[in-house]
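The block underneath contains the structure these notes are about, expressed in structure tokens.
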Amino acid sequence: MDTHDLRADGPMVGHRPTTASPAPDLAAPPPPPRRPGKPPRTPRRRGWFFGTMGMLAKALIIIGVAGGLTGAAAAYALYRSAAAELPDYRWLADYQAPQMSRIYAGDSRLMAELAQERRVFVPIEAIPRMVQQAFVSAEDQRFWSHHGVDPIGIARTVLTNLEQLGSGRRMAGASTITQQVAKNMLVGNDRTVMRKVREAILALRIEQAMPKARILEIYLNEIFLGQQAYGVAAAAQNYFNKSLDELTIAEAAFLAALPKAPNNYNPQRYPEAARARRDWVIERMAEDGAMPAADAARARAEPLIPRPTRRPDVVAVGQYFTEEVRRELVARFGADQTTMGGLVVRTSLDPRLQAEAEQALRNGLLAYDRRRGGWRGPVTRISANATEWLPALQALSRPPGAPPEWRLAVALEVRDREARLAWLERPDARTAAQPRTGTLSLADVAGWARPVRDGRIGGTPRRMQEVLAPGDVVLVETLPGTPAQGRTPARPERLALRQMPEAEGAVVALDPNTGRVLAMVGGWSFERSWFNRASQAQRQPGSSFKPYVYLAALEQGVPPNQLLLDAPVELATPQGVWRPGNYGGGAPQGWVTMRSALERSLNLVTVRLAQQVGMPAVAEVAARFGVIPNMPPVLAMSLGAGETTVLRQAAGYASFVNGGRQVAPTLIDSVQDRQGRLVWRTDARECQGCDSGPAGPPPALTENRRQVTDPVSAFQMTSMLQGVVQRGTGARAGAGLNRPVAGKTGTTDDYKDNWFVGFTPDLVVAVWVGFDEPRSLGNNETGGSNAAPIFRDVVAAALGDSPALPFRAPPGVALVRTQLPNGQTIFEAFKPGTENSARPPSDPLAEDAPATAAAGLDSSLGGLY
């Protein structure tokens with residue numbers, strides 16, 4: 001049988017046709033075998049809904065990613081913007097909190113505290129752990145664990161604010177202690193988003209730059225806690241009069257309750273709110289494990305009793321001195337360091353002598369006012385009606401400058417011989433003022449209360465109605481003799497009428513050997529006027545300048561017994577003919593010794609002597625002594641026509657008594673910084689052997705002050721000025737002192753300025769009396785009558801019962817027994833070899849004086865004495 005070709009047309013016998021079936025791909029893997037009994041899978045078709053949601057999800061993802069990227073970019077931009085303006089925070093590592101500076105007197109008593117903020121800095125090691133924990137629990141519970149910003153605290157605050165939304169309450173913050181430090185110290189207190197961002201960034205950086213303890217130390221010493229207290233130490237004193245280690249748990253918790261709102265939790269004004277906030281802090285402390293529950297219960301049961309601190313006792317005198325010290329500190333250290341640097345300033349003030357000097361000046365000014373001032377009328381007037389005077393008197397304020405022992409009183413009834421007055425008296429600060437009554441006698445006021453009308457002083461009052469009228473409010477003082485307790489209506493208190501003087505004055509007392517100012521009084525009252533007439537007022541010294549003229553002659557070898565002519569002087573000047581005269585227009589005395597001329601303060605002799613030695617020499621002496629640094633060399637200046645201060649005069653005269661050495665008056669002995677390191681000391685003398693110890697030689701101070709005149713000339717001048725007090729115009733200055741005293745009076749033209757500048761071997765006192773706006777004190781009102789008694793009172797108080805010491809004569813001086821024209825014998829001081837050197841009498845003005853000698857002279861300055 002023939003074999004058939006498989007490719008032939010037509011089907012093969014015995015096979016089914018396979019048309020439309022492609023040939024199988026022999027390379028493809030065979031399909032997986034079917035599982036028995038399971039039908040084949042058919043593809044499921046997705047609906048419209050599911051397709052739309054998928055597209056929406058994809059869109060949301062894209063939008064979310066895009067938004068996140070945009071937000072991240074915006075946040076980064078905000079960060080860059082905030083970070084670009086951040087202040088430098090690294091200085092906080094060495095930050096020193098502002099501290100008040102304290103000024104102490106020479107006896108270590110506190111005089112004043114200088115501060116913009118009352119703060120006592122305490123290092124973290126000295127702050128009790130309980131106090132630290134109280135503030136951490138109240139302000140930042142996770143302080144010790146977070147890194148500057150507390151996310152948990154922020155989330156909790158956000159939820160709290162959402163719950164209180166619409167309640168009207170202020171939105172709470174979530175600042176950590178570190179953020180509060182950044183806010184208080186660096187970024188300020190603006191309530192803006194940018195400030196919060198900057199605050200957070202700085203907090204993170206501060207946490208990296210310094211330890212937690214340092215951050216907490218800054219916070220606890222800087223935080224404001226009310227009542228002018230900055231820092232926990234000042235607050236503990238202000239509220240409880242305790243130091244930090246004396247606080248109870250409840251008291252520490254109360255302090256920690258204050259940062260949120262110190263005024264709202266003032267325990268004296270809002271005791272319930274203060275206690276509730278304190279108890280909340282105690283609960284937080286208990287939650288944090290700072291104390292057992294039993295201690296917390298006892299702390300909550302403790303009553304909240306504030307015990308405000310009593311300011312430390314300060315010296316009640318010396319306000320002018322203190323203000324002068326403050327100005328010097330500002331000039332040397334700057335205002336910020338003075339008030340915030342924690343300086344400890346020790347001064348030379350002697351509080352006892354200062355009090356005596358202030359009292360002596362007040363007594364002197366009152367004595368002058370009673371003699372020359374007259375009665376200038378009441379302080380004010382109110383109704384004397386029985387129902388109206390009390391509230392009206394209560395509403396009046398005490399006049400500035402009135403001494404504390406004076407009272408404002410109203411005249412209720414005025415009769416011919418006496419008046420009945422009423423005033424308010426407060427026995428102590430806790431007692432309300434009570435009305436008192438007393439009588440004012442005509443006999444007590446007739447001697448001085450002459451009414452002043454139209455600037456003229458009237459005659460002696462004959463009836464009380466010429467002095468007072470019902471409703472007049474005047475100053476009175478209770479006279480001794482009527483005890484404050486046990487008064488009876490039959491024995492009313494006796495009163496004295498008082499008024500503050502219009503004239504002013506100044507006193508300076510200093511140690512001539514060191515220049516330390518022991519007392520300084522710049523006027524009647526610092527409360528009435530801050531202007532310091534001792535250091536700031538430029539006044540003509542009058543005849544108190546003459547010792548510098550005579551010293552110029554002594555330096556040129558003129559002996560004290562040299563005869564000089566007291567005769568009329570006429571000098572032609574561009575302003576006219578100048579004719580100076582002696583005090584009171586007294587007749588010229590002819591030939592007198594130089595000593596006698598100074599003792600009697602003869603102007604004509606002084607002018608001739610200045611012409612003889614030359615005004616350039618006199619001006620050079622004045623500059624050397626620091627009295628008038630750039631004095632014009634004209635003859636009128638020899639009579640004190642220049643200007644100087646009381647302080648300069650005291651320092652100048654000190655060089656006479658200390659052997660001719662320059663004296664720079666000083667008020668500050670030393671200044672220490674807050675760490676106790678010495679930053680400035682006035683005494684610049686070198687101490688040889690001060691560090692040698694007990695076994696070494698005794699220490700010795702090296703004198704380095706400049707010699708402004710030779711010791712013998714200085715002693716000669718001291719001897720001549722001693723004669724001024726013993727026999728001359730300054731007799732009142734030494735009355736009753738029974739010790740060597742030297743000095744010189746000074747009275748300027750038309751009695752406008754009164755001076756006395758004098759000294760003992762260990763004390764110099766300068767006194768000035770006059771009006772702020774120069775005008776005459778009155779005819780015959782001289783330095784000897786007004787200033788010298790004040791000098792005497794100050795010296796008497798300073799020396800007391802101390803032994804009388806003589807003036808120390810320097811080596812080489814020749815003391816020669818000499819008889820004065822009045823027959824008295826003294827020991828005159830000569831330079832060696834000049835005992836018989838007095839030249840024959842001569843008159844330097846007998847010939848024509850050089851025109852330049854009086855050039856620039858103002859004739860109105862003539863006639864000083």
Side-chain angles (χ1 to χ4, degrees), residues 120-146 150 152-153 156-157 160 172-178 180-181 211-227 229-309:
V120 179
F121 181 83
V122 181
I124 193 65
E125 296 82 7
I127 300 177
R129 187 68 182 175
M130 185 61 66
V131 175
Q132 299 181 35
Q133 185 59 48
F135 279 85
V136 169
S137 295
E139 295 293 313
D140 188 0
Q141 285 182 298
R142 279 168 292 280
F143 171 73
W144 299 106
S145 59
H146 65 63
D150 184 8
I152 299 176
R156 184 177 60 188
T157 302
T160 302
S175 295
T176 63
I177 284 177
T178 313
Q180 293 184 55
V181 170
K212 289 278 190 179
R214 175 60 176 164
I215 297 171
L216 187 59
E217 179 184 68
I218 295 174
Y219 173 78
L220 293 177
N221 282 284
E222 280 291 330
I223 189 70
F224 175 65
L225 297 174
Q227 295 192 3
Y230 288 81
V232 291
Q237 292 177 357
N238 280 14
Y239 288 101
F240 302 110
N241 195 21
K242 291 183 177 181
S243 60
L244 289 175
D245 57 355
E246 296 173 328
L247 294 176
T248 65
I249 294 174
E251 290 167 344
F254 168 75
L255 296 184
L258 292 172
K260 181 179 179 181
N263 294 330
N264 295 343
Y265 299 119
N266 187 318
Q268 293 178 325
R269 298 177 60 189
Y270 310 108
E272 295 302 325
R275 179 162 183 166
R277 179 70 178 175
R278 180 205 68 175
D279 291 349
W280 176 84
V281 175
I282 294 173
E283 292 175 3
R284 294 285 292 266
M285 294 173 67
E287 291 175 7
D288 294 342
M291 72 184 91
D295 291 347
R298 282 192 294 269
R300 284 194 297 269
E302 182 179 315
L304 179 56
I305 303 175
R307 299 177 180 86
T309 183

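For reference, positions follow the sequence shown, starting with 1.
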Here the gap from Lys212 atom NZ to Tyr219 atom OH, rounded to the nearest 0.5 Å, amounts to 13.5 Å
Can you tell me how far the CD atom of Gln132 sits from the CH2 atom of Trp144, to the nearest 0.5 Å? 6.0 Å
Across all chains, not counting sequence neighbours, the ring pair (Phe, Tyr, Trp, His ring centres under 6.0 Å) partners of Phe240 are Phe254
Passes side-chain contact (heavy atoms from CB on, under 4.5 Å), Ile177 versus Leu216? Steps please. CA-CA 7 Å; Ile177 284 177; Leu216 187 59; 4.1 Å; yes
Please list, one pair per line, the donor and acceptor atoms closer than 3.5 Å that link side chains of residues 256-272 to other protein atoms, with sequence neighbours excluded.
| unit_1 | atom_1 | unit_2 | atom_2 | d |
| --- | --- | --- | --- | --- |
| Asn266 | OD1 | Gln268 | N | 2.9 |

Which pairs of donor and acceptor atoms, one on a side chain in residues 292-301, lie under 3.5 Å apart (sequence neighbours left out)?
| unit_1 | atom_1 | unit_2 | atom_2 | d |
| --- | --- | --- | --- | --- |
| Asp295 | OD1 | Arg298 | NH2 | 2.2 |

Tell me the closest heavy-atom pair linking Thr176 and Asp140, and the distance in Å. CB-OD2, 3.1 Å
From Asp245 CG over to Ile127 CD1, what is the distance, rounded to the nearest 0.5 angstrom? 11.5 Å
To the closest 0.5 Å, what do you measure between CZ (Arg142) and CG (Asp150)? 4.5 Å
Sequence-distant partners of Arg307, side chain to side chain donor-acceptor pair (under 3.5 Å), two or more places apart: none
Once rounded to the nearest 0.5 Å, what's the spacing between atom CD of Gln180 and atom CD1 of Ile215? 12.5 Å
Within this structure, what is the CD1-CG distance for the pair Ile223 and Leu220, rounded to the nearest 0.5 Å? 9.0 Å
Could you pull out all donor-acceptor pairs under 3.5 Å where a side-chain atom in residues 246-253 meets a protein atom, sequence neighbours excluded?
| unit_1 | atom_1 | unit_2 | atom_2 | d |
| --- | --- | --- | --- | --- |
| Glu246 | OE1 | Ser243 | N | 3.0 |
| Glu246 | OE1 | Ser243 | OG | 3.3 |
| Thr248 | OG1 | Glu251 | N | 3.2 |
| Thr248 | OG1 | Glu251 | OE1 | 3.4 |
| Thr248 | OG1 | Glu302 | OE2 | 3.0 |
| Glu251 | OE1 | Lys242 | NZ | 3.0 |
| Glu251 | OE1 | Thr248 | N | 3.0 |
| Glu251 | OE2 | Lys242 | NZ | 3.1 |

I'd like a table of donor-acceptor pairs (distance under 3.5 Å, sequence neighbours excluded) in which one partner is a side-chain atom from residues 279-290, with atom names and distances.
| unit_1 | atom_1 | unit_2 | atom_2 | d |
| --- | --- | --- | --- | --- |
| Arg284 | NE | Gln141 | OE1 | 3.4 |
| Arg284 | NH2 | Ser137 | O | 3.3 |
| Arg284 | NH2 | Gln141 | OE1 | 2.7 |
| Asp288 | OD1 | Gln141 | NE2 | 2.9 |
| Asp288 | OD2 | Ser137 | OG | 2.8 |
| Asp288 | OD2 | Gln141 | NE2 | 3.4 |

Which heavy-atom pair separates Phe121 from Pro123 by the least distance, and what is that distance? CE2-N, 4.0 Å
Step by step, would you call Leu304 with Tyr239 a side-chain contact (heavy atoms from CB on, under 4.5 Å)? CA-CA 10 Å; Leu304 179 56; Tyr239 288 101; over 6 Å; no
Between Leu255 and Val232, the two heavy atoms sitting closest are CD1-O, 4.2 Å
